[in-house]
Peer 1: 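The structure that follows is given in the form of structure tokens.
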Amino acid sequence: MDPEDDQEIIDSIVNALESDEERSFSPSQTRSDTNRTYSPQIKRTQQPQYSIKKIQSPIIGFKLDCWTIQPFSLDDDQYLDGDLILKCKDQTNSRKIQGLFEKGDDEQREFIFQKLLPGITSLANDIFGNYVVQRILEQGNQQQRELIFEQLSQQILILCYNTYGCRVAQKLLEISYNTEKFDQIFKVVSSQIRNLVLDTNGNHVIQKIAELVKSQKSEWLIDGVLGQIQKLSNDSHGCRLIQQILELSSISQLNDIYKELLSIQDELCLSQYGNYIIQILLQRGPSDVVYKIQNTIIKNLERLSCDKFGSNVVDKSVNISVYMRKEILKVFIHNMNVFYKLSNNCYGNYVIQNFCKQLEYNQLIKLSYDSSQFNTQFGQHVYQTLQKLKN
């Protein structure tokens, strides 16, 4: 064979491999124009995509899967014909139909939308269908959004309690914010807030509203959690909701929240999620609330420091408060056995190391310690830290 032919083959392979364009097929697939069909309902717009072509190389003696550019319609009939609602409930087809809606022209989008609209509620609550609904809400025209809203707003509470529907509910809130439609959803959702905040899925919807309205309507959110803080603080989503309330609301709005939190502060300090609430109070709370928490930490210093979650609270108090550093230093000077016990504990040693690093040198030298008391691997870490800080 002519060397020029060989060079042409090699160049086509190299150019294809160097291309940054997205591949639409795997190398094991083949496609030709002969097995493609078209739907008479839609006018197709062809776009250049990649497909596979077998090339026989006389140099290496076998066929290669070589990427070549051929005209190829993205919205294939195998995806748009038949029961489109059912297809959206399949992972592969769901992704494909989302791509078709995103890249199609107005006529193609309208065709997809009309076929999906009768089953839009079912899709919104489906593991894969919900993504298609979200895509239409994001990229559809105003009329399409309004038709979806008209159907889904009547089922908004069902969506809120559903694992997949709650995602669509959040998207509806997001795109309708600052409109009458948002107020319509808000009115329904806020009437059920005390139940929704305790539900894993509904909690996400409430958080989305809190994120959107910020401090504008925080009273309804506060009313929704009062009397339920103990339950919420033992759940990751509920804990995050309480944090949002503390961050978004003014101090004057939070008096009742503070009272309820302080009544269970001992439990919160040792809670997997509640300890984060206490840390926020230490950092952002009013002085009287902070002072009460600080006193609780000092009284329970040993127990908190030796706990996986309580040690986080002690660390936070030491990092942000000069007062706490002085008071804890007094505890240690008065009773070095507490210092040694924490130093040799798997959690307490981190508290001691962090505490010592926060002290000024003239405070550090007030700790008169016996090196033989650091008799565990954790204690040795503390002893090495002390030596470094003093030298």
Peer 1: Please list, chain by chain and in numerical order, all residues satisfying ring pair (Phe, Tyr, Trp, His ring centres under 6.0 Å) with Phe339, sequence neighbours excluded.
Peer 2: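 Ring pair (Phe, Tyr, Trp, His ring centres under 6.0 Å) list for Phe339, sorted by chain: Phe332.
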Peer 1: Mark yes when over 12 heavy atoms from residues, nucleotides or ligands other than Asp83 sit less than 6.0 Å from its CG; otherwise mark no.
Peer 2: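 Yes, enclosed.
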Peer 1: Can you give each donor-acceptor pair under 3.5 Å made by side-chain atoms of residues 356-366, sequence neighbours left out, with the distance rounded to 0.1 Å?
Peer 2:
unit_1	atom_1	unit_2	atom_2	d
Gln358	NE2	Asn319	OD1	3.3
Gln363	OE1	Glu360	N	3.0

Peer 1: Can you confirm whether the side chains of Ser305 and Lys341 place a donor and an acceptor under 3.5 Å from each other?
Peer 2: no
Peer 1: Using the ring of Phe101 (Phe, Tyr or Trp, six-membered ring only), decide whether Arg109 places NZ or CZ under 6.0 Å from its centre and within 45 degrees of its axis.
Peer 2: yes
Peer 1: Is it the case that the side chains of Gln98 and Ser94 hold a donor-acceptor pair, with the cut-off being a distance below 3.5 Å and no angle test?
Peer 2: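 Yes, side-chain donor-acceptor contact under 3.5 Å.
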Peer 1: What pairs with Glu267 under salt bridge (charged side-chain N to carboxylate O under 4.0 Å, His left out), at least two apart in sequence or on another chain?
Peer 2: none
Peer 1: For Gln155 and Thr121, test the side chains for any donor-to-acceptor distance below 3.5 angstrom and give the result as yes or no.
Peer 2: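 No, Thr121 and Gln155 have no side-chain donor paired with an acceptor closer than 3.5 Å.
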Peer 1: In the hydrophobic cluster built from side-chain contacts under 4.5 Å, what are the other members alongside Phe128?
Peer 2: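 Under the 4.5 Å side-chain rule, Phe128 groups with Ile127, Tyr164.
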Peer 1: The criterion is ring pair (Phe, Tyr, Trp, His ring centres under 6.0 Å); which residues satisfy it with Tyr258, sequence neighbours excluded?
Peer 2: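 Residues passing ring pair (Phe, Tyr, Trp, His ring centres under 6.0 Å) with Tyr258: none at all.
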Peer 1: Taking the six-membered ring for Trp and the single ring otherwise, decide whether the centroids of Tyr350 and Phe378 are under 6.0 Å apart.
Peer 2: no
Peer 1: For a quick test of your reading: what N or O donor-acceptor pairs under 3.5 Å do the side chains of residues 281-288 make, sequence neighbours left out?
Peer 2:
unit_1	atom_1	unit_2	atom_2	d
Gln283	OE1	Lys316	NZ	3.4
Arg284	NH2	Glu247	O	3.2

Peer 1: Taking side chain to side chain donor-acceptor pair (under 3.5 Å) as the test, write out the residues that go with Asp370, two or more places apart.
Peer 2: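 Residues passing side chain to side chain donor-acceptor pair (under 3.5 Å) with Asp370: Ser372.
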Peer 1: Classify the side-chain pair Asn234/Gln230 by whether it contains a donor and acceptor separated by less than 3.5 Å.
Peer 2: no
Peer 1: Can you list the steps and then say if Gln387 with Asn391 is a side-chain hydrogen bond (donor to acceptor under 3.5 Å, both in side chains)?
Peer 2: CA-CA 6 Å; Gln387 293 301 101; Asn391 295 331; 5.4 Å; no
Peer 1: Are more than 12 heavy atoms from other residues, nucleotides or ligands located less than 6.0 Å from atom OH of Tyr291?
Peer 2: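 Incorrect, the count does not exceed 12.
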Peer 1: Partners of Ser371 by side chain to side chain donor-acceptor pair (under 3.5 Å), sequence neighbours excluded?
Peer 2: none
Peer 1: Does His237 have any ring pair (Phe, Tyr, Trp, His ring centres under 6.0 Å) partners at least two apart in sequence or in another chain, and if so, which?
Peer 2: His204
Peer 1: Give the C-alpha distance, both sets of side-chain angles, the deciding distance and a yes or no for side-chain hydrogen bond (donor to acceptor under 3.5 Å, both in side chains) between Gln244 and Glu211.
Peer 2: CA-CA 8 Å; Gln244 281 186 298; Glu211 177 188 317; 5.1 Å; no
Peer 1: Show every salt bridge (Lys or Arg N to Asp or Glu O under 4.0 Å) that has at least one partner inside residues 165-175, sequence neighbours left out.
Peer 2: Glu138-Lys171, Lys171-Glu174, Glu174-Lys208
Peer 1: Let me see the working for Lys326 and Ser321 under side-chain hydrogen bond (donor to acceptor under 3.5 Å, both in side chains), right down to the final yes or no.
Peer 2: CA-CA 9 Å; Lys326 289 180 179 179; Ser321 171; over 6 Å; no
Peer 1: Partners of Arg303 by side chain to side chain donor-acceptor pair (under 3.5 Å), sequence neighbours excluded?
Peer 2: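 Result, side chain to side chain donor-acceptor pair (under 3.5 Å) vs Arg303: Asn300.
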Peer 1: If we count only N and O atoms by modelled type, under 3.5 Å, do the side chains of Ser250 and Gln253 hold a donor and an acceptor together?
Peer 2: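 The answer is yes; a qualifying pair exists.
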Peer 1: The criterion is side chain to side chain donor-acceptor pair (under 3.5 Å); which residues satisfy it with Glu110, sequence neighbours excluded?
Peer 2: Gln114, Gln144
